[in-house]
Amino acid sequence: MKSIILRTASNYLLPLLLLFSVFVLLRGHYLPGGGFIGGLVASIAFVLHAFAHGLRKAQRYFPIHPGFLMPIGLTLSLLSGFLPILIGDQAFLTGLWMADPLPVIGMVGTALFFDLGVYIVVVGVTLTIIFTISETA
Amino acid sequence: MNVHDFLYYVILPTLTLSVLLVFYRFLRGPSLSDRVVALDLLITIGIGIIAVYAILTNQSSFLDIAMILALIAFLGTVAFSYYLEKREKNE
């Protein structure tokens, strides 16, 4: 697409939307939000960039194919489930939390890493689907 | 008349009426571009309704949903126009 307005806007929208997706991800444990919505917002950012600048430039942001993000995210979620078994001798997927909240991020626990895995999986799935569709179309 | 009454008796009926009018254009729309613009406008009015509802119920989390809906509507309109342009080139 040859619209200069869209191109200039999408240059600023990409980092802004990624920041918003991280905000939604971090807020997600007690309030609306979470890994799924955050991943969708992040993939919308890349899809918008792909529409404005072409598919190749959007794919250049990923050193690996986005399909490989799916096993990475699933492994992260699985490890966050196994962490209580390994260190605390507790049941699978028990929520372990740090004693004090970190500045900016807030409370860090295994639920956050589980959500981060969901985020990575959603970004991988959505971008794989949309890149494949727009390559063939 | 306070803000709640104003929202209930003026803003929400206006938005509802505009939804009906835009939906008529969406059904009738002579060309495909009219329908795309009508769809975009429908979602924009929906965002307005969500914003009014967020004020009425005092829940700020509805505004985040309105923001994500605005994003998706914008992306949808861009994608529609992209493929409309592509189709015109092919013909």
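Naming: A, B, ... by sequence-line order, numbering from 1 per chain. Side chains included, hydrogens not; waters and symmetry mates left out as well; all remaining heavy atoms used.
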Answer with yes or no whether the hydrophobic clustering places [X] together with [Y]; edges join I, L, V, M, F, W, Y residues whose side-chain heavy atoms lie under 4.5 Å apart.
X: A:Ile87; Y: A:Leu93; value: no
X: A:Tyr12; Y: A:Leu48; value: no
X: B:Ile65; Y: A:Leu26; value: no
X: B:Tyr83; Y: B:Val37; value: no

> Would a 4.5 Å heavy-atom cut-off, applied to side chains only, mark A:Ile37 and B:Ile68 as touching?
Replying inline: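 A side-chain contact under 4.5 Å exists here.
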> Is the closest side-chain heavy-atom distance between A:Leu6 and B:Phe74 below 4.5 Å?
Replying inline: yes
> In Å, rounded to the nearest 0.5 Å, how long is the span from CG of B:Leu75 to OG of A:Ser10?
Replying inline: 11.5 Å
> At a heavy-atom separation under 4.5 Å, does A:Leu17 approach chain B through its side chain, its backbone, both, or neither?
Replying inline: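 A:Leu17 touches chain B through side-chain heavy atoms alone.
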